[in-house]
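Written below as structure tokens is the structure these notes are about.
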Amino acid sequence: MIKLFKVKEKQRELAENANGKTPVKKQSAGELRLHKDISELNLPKSCVISFPNGKDDLMNFEVTIRPDDRYYLGGTFLFSFNVSPIYPHEAPKVKCKTKVYHPNIDLEGNVCLNILREDWKPVLNINTIIYGLFHLFTEPNYEDPLNHDAAAVLRDNPKLFESNVRRAMAGGYVGQTLFPRCL
């Protein structure tokens with residue numbers, strides 16, 4: 001029975017190609033859900049989504065966040081999203097492409113956000129993730145760090161943490177690490 005459906009599908013594709021039509025690519029369930037999520041985005045003005053590979057590649061996109069409050073005010077931070085075909089049953093892979101001094105983002109760009117790991121549920125969506133990332137910049141969390149040095153400074157000396165963030169965003173050194181300018 002299954003082979004019959006495959007033969008019929010192959011015949012249909014051949015007929016479409018013979019008629020000069022380009023074959024229509026079927027969308028996965030993940031692509032359909034992602035299309036819905038993106039069409040329903042309700043982002044703050046300080047967040048922008050872009051598709052560097054074109055709108056045909058919805059599964060890979062970037063989000064730019066420009067915090068408008070607290071430590072990271074004035075900075076510009078770029079995140080890449082790689083969405084699995086089985087989305088929403090698997091959380092998107094999110095990386096920070098901007099090197100940043102932050103307790104919840106390591107120097108390789110890995111992001112520590114609970115909804116991208118153990119608290120992911122299929123009812124969550126792209127909008128939720130972007131707001132979660134935005135929240136990391138307004139309320140960095142020293143209790144669940146990836147960058148333990150930054151977390152310790154935030155916990156023990158918030159004024160020094162603020163100074164380190166400003167220096168890093170201006171394109172300076174924090175300890176032995178040089179950060180690119182992101183203001």
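The basis for the numbers below is simple: all heavy atoms, side chains too, and nothing from hydrogens, waters or symmetry mates.
- Once rounded to the nearest 0.5 Å, the distance linking CD of Glu143 with SG of Cys112 reads 11.5 Å.
- Distance CG/Asn164 to CZ/Phe179: 8.5 Å, rounded to 0.5 Å.
- Ion pairing of Arg70 with Glu139 is present here, as a side-chain N (NZ or NE/NH1/NH2) and a carboxylate O approach within less than 4.0 Å.
- The pair Glu162-Arg166 fails the salt-bridge criterion, with no side-chain N (NZ, NE, NH1 or NH2) lying under 4.0 Å from an Asp/Glu carboxylate O.
- With sequence neighbours excluded, the residues satisfying side chain to side chain contact (heavy atoms under 4.5 Å, CB included) with Ala170 are Arg181, Leu183.
- Under the rule for a side chain to side chain donor-acceptor pair (under 3.5 Å), the partners of Asp57 that lie at least two apart in sequence or sit in another chain are Asn53, Asn60.
- Atoms CG and CG, on Asp149 and Leu154 in that order, are 12.5 Å from each other to the nearest 0.5 Å.
- In terms of the side chain to side chain donor-acceptor pair (under 3.5 Å) criterion, Lys93 has no residue partners (sequence neighbours excluded).
- Legend: residues meeting salt bridge (charged side-chain N to carboxylate O under 4.0 Å, His left out) with Asp37, ordered by chain and number and at least two apart, are Arg33.
- Leu78 meets the side chain to side chain contact (heavy atoms under 4.5 Å, CB included) test with Glu62, Thr64, Lys97, Thr98; sequence neighbours excluded.
- Side-chain atoms of Trp120 come within 3.5 Å of backbone atoms of Pro88 as a donor-acceptor pair (strictly under, hydrogens ignored).
- Remark: Phe134 engages no residue in a ring pair (Phe, Tyr, Trp, His ring centres under 6.0 Å) (not counting sequence neighbours).
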Under 3.5 Å, side-chain donor or acceptor atoms of residues 102-111 against the rest of the protein: list the pairs with distances, not counting sequence neighbours.
from   : atom 1 : to     : atom 2 : distance (Å)
His102 : ND1    : Asn104 : N      : 2.9
His102 : NE2    : Leu136 : O      : 2.8
Asn104 : OD1    : Asn141 : N      : 2.9
Asn104 : ND2    : Asn141 : O      : 2.7
Asn104 : ND2    : Asp144 : O      : 3.1
Asp106 : OD1    : Glu108 : N      : 3.0
Asp106 : OD1    : Gly109 : N      : 3.0
Asp106 : OD1    : Asn110 : N      : 2.9
Asp106 : OD1    : Asn110 : ND2    : 3.4
Asp106 : OD2    : Asn110 : ND2    : 2.9
Asn110 : OD1    : Lys95  : NZ     : 2.8

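- Ile86 meets the side chain to side chain contact (heavy atoms under 4.5 Å, CB included) test with Ser84, Glu90; sequence neighbours excluded.
- Put simply, CG on Asp68 and NZ on Lys45 are 10.5 Å apart, with the number rounded to the nearest 0.5 Å.
- If you chain together hydrophobic residues whose side chains sit under 4.5 Å apart, Val100 and Leu146 never meet in one group.
- Legend: side chain to side chain donor-acceptor pair (under 3.5 Å) pairs involving residues 124-133, not counting sequence neighbours, sorted by first then second residue: Asn125-Thr128.
- The other residues sharing a hydrophobic cluster with Leu178 are Tyr173, where clustering joins ILVMFWY side chains under 4.5 Å apart.
- Residues satisfying the side chain to side chain donor-acceptor pair (under 3.5 Å) criterion with Asp69, sequence neighbours excluded, are absent altogether.
- Listed by first and then second residue, the ring-ring contact (aromatic ring centres under 6.0 Å, His included) pairs involving residues 144-169 are Tyr71-Phe161, Tyr101-Phe161 (not counting sequence neighbours).
- In this structure, Ser46 OG and Phe77 CZ are separated by 11.5 Å, a value rounded to the nearest 0.5 Å.
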